[in-house]
Amino acid sequence: MNERISTPHTSAHQFFVPLSATRRGARLGRLLAVEQLRSWDLPLDPARLIVAELAANAALHGRVSGRGFRLTLSLTARRVLRIEVTDTRGDRLPVRGAAAAGVPAESGYGLLLVEELADRWGVRIGPVPCKTVWAELDLSGANGPVAHRSPDTRAAVAGGPGSRAVKDQRTKGNNQPTRPNLA
């Protein structure tokens, strides 16, 4: 798949790897991402946490028997790191976990972590039968920390040509995120 980074600048570096849709594949994706980030002299956190969550979600919720998922890391000349995980369950969009009768759910909080750590994130549908969950980090310096993020900077950016984007949404006023979680 030829996918476009949401920022209008070309990639300075790009890495992608197909992985099995298993816990072992998710772990391998995280380990490979860490090594790639080190080779690019980029800070490991929070990128490795985002990779771990998105890869685990692809293995758990995006699994189709006999098919894997793809992890892509792209670094633009403007120092935006884009993390993408593409699986073959385009019919299964992220859904936010809900508490039943006031009891907190045991799972369903992973994308809340991604939301807090990433500058932007979203979901892109297509090409059929795939979907891509992506997150972007604006890096501040060569080896510096991730730039400070505010809720206003997390607006989603639509996907590339030929894909239907599902934009992340924030409610105004009550500060309750409306972003769904993979379930």
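- If you chain together hydrophobic residues whose side chains sit under 4.5 Å apart, Phe15 and Phe69 fall into the same group.
- Atoms CD and CD, from Glu136 and Glu84 in turn, are 8.5 Å apart once rounded to the nearest 0.5 Å.
- The side chain to side chain contact (heavy atoms under 4.5 Å, CB included) test with Asn57 is passed by exactly one of Val85, Val133, Leu111: Leu111.
- The pair Asp41-Arg38 does not meet the salt-bridge criterion, since no charged nitrogen lies less than 4.0 angstrom from a carboxylate oxygen.
- Remark: of the listed residues Leu73, Thr72, Leu28, Leu71, Leu71 is the sole one forming a side chain to side chain contact (heavy atoms under 4.5 Å, CB included) with Val17.
- Heavy-atom contacts from other residues, nucleotides or ligands closer than 6.0 Å to CZ of Arg89 number more than 12.
- Here CZ of Arg79 is found 11.0 Å from CH2 of Trp40. Values are rounded to the nearest 0.5 Å.
- The number of heavy atoms from other shown groups lying within 6.0 Å of CZ (Arg67) does not exceed 12.
- A distance of 9.5 Å separates CD in Glu53 from CG in Leu112, rounded to the nearest 0.5 Å.
- Looking at Asp91 and Lys131, no side-chain N of the basic residue comes within less than 4.0 Å of a carboxylate O on the acidic one, giving no salt bridge.
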key: side chain to side chain contact (heavy atoms under 4.5 Å, CB included) between Leu42 and Gln36, intermediate numbers included   = CA-CA 9 Å; Leu42 296 178; Gln36 191 61 52; over 6 Å; no

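- At a threshold of 4.0 Å, the pair Arg63-Asp87 does not count as salt-bridged, since none of the basic side-chain nitrogens sits closer than that to a carboxylate oxygen.
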